Amino acid sequence: MNIKKTFQDSERAVSPVIGVILMVAITVILAAVIGTFVLGLGDQLGQNANAGVSIDEPNSSYVTVTLVSQGNVDRVIVNATDSTGTSSLEGVGETVTVKHNNSSVQIIGDIGGEKTVLRTYEP
């Protein structure tokens with residue numbers, strides 16, 4: 001029995017199998033990328049709201065929110081969750097003081113009408 005001939009015969013089948021696996025993998029990846037562009041799934045992604053706010057508590061009933069950085073938001077909405085009202089910040093340096101009545105206060109970023117919670121203050 002010739003050992004060299006036995007190993008050479010078994011190695012020849014490895015190359016075509018690997019080639020077929022790589023071709024199938026490339027085809028699947030290519031189909032997924034083309035399908036994403038054709039179906040427009042990439043267009044549905046929105047921007048993440050990004051703004052810098054500073055929160056201070058001057059006393060136990062009120063919270064002061066200052067817009068430090070505009071980021072990519074059109075405006076920042078300060079919302080007391082106990083329905084005491086909402087306020088809006090549209091420029092850097094603007095400050096609003098909200099009464100929270102021991103409930104949370106949400107800071108919401110607005111980008112073209114799409115609202116995202118930036119931060120929540122819990123007393």
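None of the values given here were measured: they were computed from a predicted structure.
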To the closest 0.5 Å, what do you measure between CG (N102) and OG (S61)?
7.0 Å

Are I26 and I34 grouped together when hydrophobic residues (ILVMFWY) are joined by side-chain heavy atoms under 4.5 angstrom apart?
no

Least distance between heavy atoms, T66 atom then G93 atom
CG2-O, 4.2 Å

Does the side chain of Y121 pick up a donor-acceptor pair with the side chain of E57 at under 3.5 Å?
yes

Return the CG to OG1 distance between L22 and T27, rounded to the nearest 0.5 Å.
10.5 Å

For I111, does its backbone N or O pair with a side-chain atom of E114 as donor and acceptor, under 3.5 Å?
no

For K99 and A80, work out which heavy atoms get closest and say how close.
O-CB, 3.8 Å

N/O donor-acceptor pair under 3.5 Å between D56 side chain and T64 backbone
no

Backbone N/O of N50 and side chain of N72: donor-acceptor pair under 3.5 Å
yes

Among V78, V53, T95, V96, exactly one meets side-chain contact (heavy atoms from CB on, under 4.5 Å) together with L67. Which residue is that?
V53

Just checking, any donor-acceptor pair under 3.5 angstrom between side chains of T120 and S104?
no

Under 4.5 Å side-chain linkage, directly or through intermediates, the cluster mates of V117:
I77, I108

Check L118 against A51 and note the closest heavy-atom contact, atom names and distance.
CD1-CB, 3.8 Å

List the atom of V92, the atom of Q70, and the distance in Å for their closest heavy-atom pair.
CG2-N, 3.7 Å

Begin with the C-alpha distance, continue with both residues' side-chain angles, and end with the deciding distance and a verdict on side-chain contact (heavy atoms from CB on, under 4.5 Å) for V63 and T97.
CA-CA 6 Å; V63 65; T97 301; over 6 Å; no

Determine the minimum heavy-atom distance between G109 and V73, stating which atoms define it.
CA-CG1, 3.9 Å

When hydrophobic residues are tied together by side-chain contacts of less than 4.5 Å, even through go-betweens, does V105 share a cluster with I55?
yes

Say you draw a straight line from CD of E94 to OG of S88; how long is it, rounded to the nearest 0.5 Å?
7.5 Å

